[in-house]
Amino acid sequence: MTPTLHTERLLLEPYTPEDEEGFVALFQDTRVSRWMGDGPASEAAVRALFGRIFTKVYAQDLFDVWAVRRDGHLVGHAEIKPTDVVAGHEIIYALAPTAWGSGLGTELAEAVIAHGFDTLGLTEVHATVAAPNKASLTLLSRIGFEHIRDIEEDDGSTTLVLVRRSQTTVTSPPRSAGHR
């Protein structure tokens, strides 16, 4: 069951049926949806996606999906889920444009990553980001993600695969004394 997470300014909690209109508004905003999945989708497709969160994801406890709230208002969406693209777990996050530019994206991503490392016991967390999505790439780089490969999509676009390893993961042997 998706747990509730708290940050300094955000509350991440499971969706409720009353969140449907806010979810649809978030995913219908082309400034947001252009970076999500296959891009903008019809209202009917977004409503079907919202329904699957309850009938499939929550019902079968497949992975964690959160409504992101600030001051009681739905301002975003977040997930951490297994994916075949990286043979591991990836984070997905989106914020409404009204929440952009105030550090909430960093706060949100860090909360989901911490959940992956501390609660799920992951040693690394991935993100897949469209190459033109400079805001997300900058945010993820700033919080320790590294680019590991590119995926050339069928439409000719490029998706970057990034990884952040947990602090407890040793990625190289310690240097011996006397070497700088």
Side-chain angles (χ1 to χ4, degrees), residues 2 10 12 15 19-53 56-57 62-68 74-117 120 122-166 169 171:
T2 298
L10 299 173
L12 286 68
Y15 281 101
D19 291 321
E20 184 171 2
E21 295 310 314
F23 181 91
V24 170
L26 179 68
F27 279 77
Q28 286 294 129
D29 188 319
T30 56
R31 295 169 293 178
V32 176
S33 63
R34 68 184 286 213
W35 307 120
M36 302 296 291
D38 293 326
S42 69
E43 181 178 336
V46 173
R47 288 188 188 281
L49 175 62
F50 184 77
R52 284 193 303 278
I53 290 172
K56 188 170 182 178
V57 178
L62 297 179
F63 52 89
D64 296 322
V65 177
W66 294 275
V68 179
L74 182 69
V75 296
H77 171 88
E79 307 176 16
I80 186 166
K81 66 181 187 177
T83 178
D84 294 336
V85 172
V86 294
H89 282 70
E90 82 172 307
I91 62 167
I92 296 169
Y93 58 91
L95 286 172
T98 57
W100 293 355
S102 60
L104 292 176
T106 299
E107 199 171 312
L108 174 57
E110 288 282 24
V112 175
I113 294 162
H115 173 71
F117 292 150
L120 301 179
L122 303 176
T123 57
E124 55 185 31
V125 173
H126 294 84
T128 54
V129 183
N133 189 348
K134 300 300 182 202
S136 228
L137 290 169
T138 299
L139 182 157
L140 292 168
S141 175
R142 190 173 54 243
I143 63 172
F145 276 79
E146 301 171 17
H147 174 246
I148 54 173
R149 69 182 168 97
D150 292 344
I151 299 171
E152 296 301 323
E153 302 291 353
D154 293 339
D155 65 1
S157 65
T158 301
T159 298
L160 281 65
V161 179
L162 311 168
V163 66
R164 178 167 157 188
R165 294 177 177 88
S166 81
T169 303
T171 56

Quiz item: Can you tell if the side chain of Thr2 reaches within under 4.5 Å of the side chain of Trp66, non-hydrogen atoms only?
Solution: yes
Exercise. Check Thr30 against Pro40 and note the closest heavy-atom contact, atom names and distance.
Key: CG2-CG, 4.3 Å
Exercise. Identify the two heavy atoms, one from Gly116 and one from Ile80, that lie closest to each other, and give their separation to 0.1 Å.
Key: CA-CD1, 3.7 Å
Quiz item: Between Gly76 and Tyr15, which heavy-atom pair has the shortest distance, and what is it?
Solution: O-OH, 3.8 Å
Quiz item: What are the two closest heavy atoms between Leu137 and Ala131, and how far apart are they?
Solution: CD1-O, 3.4 Å
Exercise. Find the distance between CG (Leu108) and CG (Leu12) and round it off to the nearest 0.5 Å.
Key: 5.5 Å
Quiz item: Taking all non-hydrogen atoms of both residues, which atom of Leu74 and which atom of Asp19 are closest, and how far apart?
Solution: CD2-O, 4.1 Å
Quiz item: How far does OG1 of Thr159 sit from CZ of Arg149, to the nearest 0.5 angstrom?
Solution: 10.0 Å
Practice problem: Taking all non-hydrogen atoms of both residues into account, name the closest pair between Leu139 and Ala109 and its distance. | Solution: CD2-CB, 4.0 Å
Quiz item: Any side-chain heavy atom of Met36 sitting closer than 4.5 Å to one from Ile92?
Solution: yes
Quiz item: Does a side-chain heavy-atom distance below 4.5 Å link His77 with Val65?
Solution: yes
Quiz item: Does Pro97 reach the side chain of Val32, with side-chain heavy atoms less than 4.5 Å apart?
Solution: yes
Practice problem: Given side-chain contact (heavy atoms from CB on, under 4.5 Å), test Thr83 with Phe63 step by step and report yes or no. | Solution: CA-CA 11 Å; Thr83 178; Phe63 52 89; over 6 Å; no
Quiz item: Does the Thr138 side chain pair with the main chain of Ala135, one donor and one acceptor, at a distance under 3.5 Å?
Solution: no
Practice problem: Hey, could you give me the CG/CD distance between Asp84 and Glu90, rounded to the nearest 0.5 Å? | Solution: 10.5 Å
Self-check item: Distance, nearest 0.5 Å, that separates CG of Leu140 from CG of Asn133
Solution: 8.5 Å
Quiz item: Any side-chain heavy-atom pair from Leu62 and Lys81 closer than 4.5 angstrom?
Solution: no
Quiz item: When you check the side-chain N and O atoms of Thr158 and Glu153, is any donor under 3.5 Å from an acceptor?
Solution: no
Exercise. Evaluate the side-chain proximity of Val85 to Ile151: yes if any heavy-atom separation is below 4.5 Å, no if none is.
Key: yes
Exercise. Under the side-chain contact (heavy atoms from CB on, under 4.5 Å) rule, what do Leu10 and Val75 come out as? Steps first, then yes or no, please.
Key: CA-CA 9 Å; Leu10 299 173; Val75 296; 4.3 Å; yes
Quiz item: Between Leu162, Thr128, Val112, which is the residue that forms a side-chain contact (heavy atoms from CB on, under 4.5 Å) with Ile91?
Solution: Val112
Quiz item: Quick check: does any side chain N or O of Ser42 sit under 3.5 Å from a backbone N or O of Ala45, one acting as donor and the other as acceptor?
Solution: yes
Quiz item: Any side-chain heavy atom of Leu120 within less than 4.5 Å of one from His115?
Solution: yes
Self-check item: Side-chain heavy atoms of Arg52 within contact of Arg47, under 4.5 Å
Solution: no
Quiz item: Are the side chain of Gln28 and the backbone N or O of Glu43 linked by a donor-acceptor pair below 3.5 Å?
Solution: yes
Quiz prompt | Trp100 (side chain) donor-acceptor with Leu95 (main chain) under 3.5 angstrom | solution = yes
Practice problem: Look at the rings of Phe23 and Phe50 and say which category their plane angle falls in: under 30° parallel, 30 to 60° tilted, over 60° perpendicular. | Solution: tilted
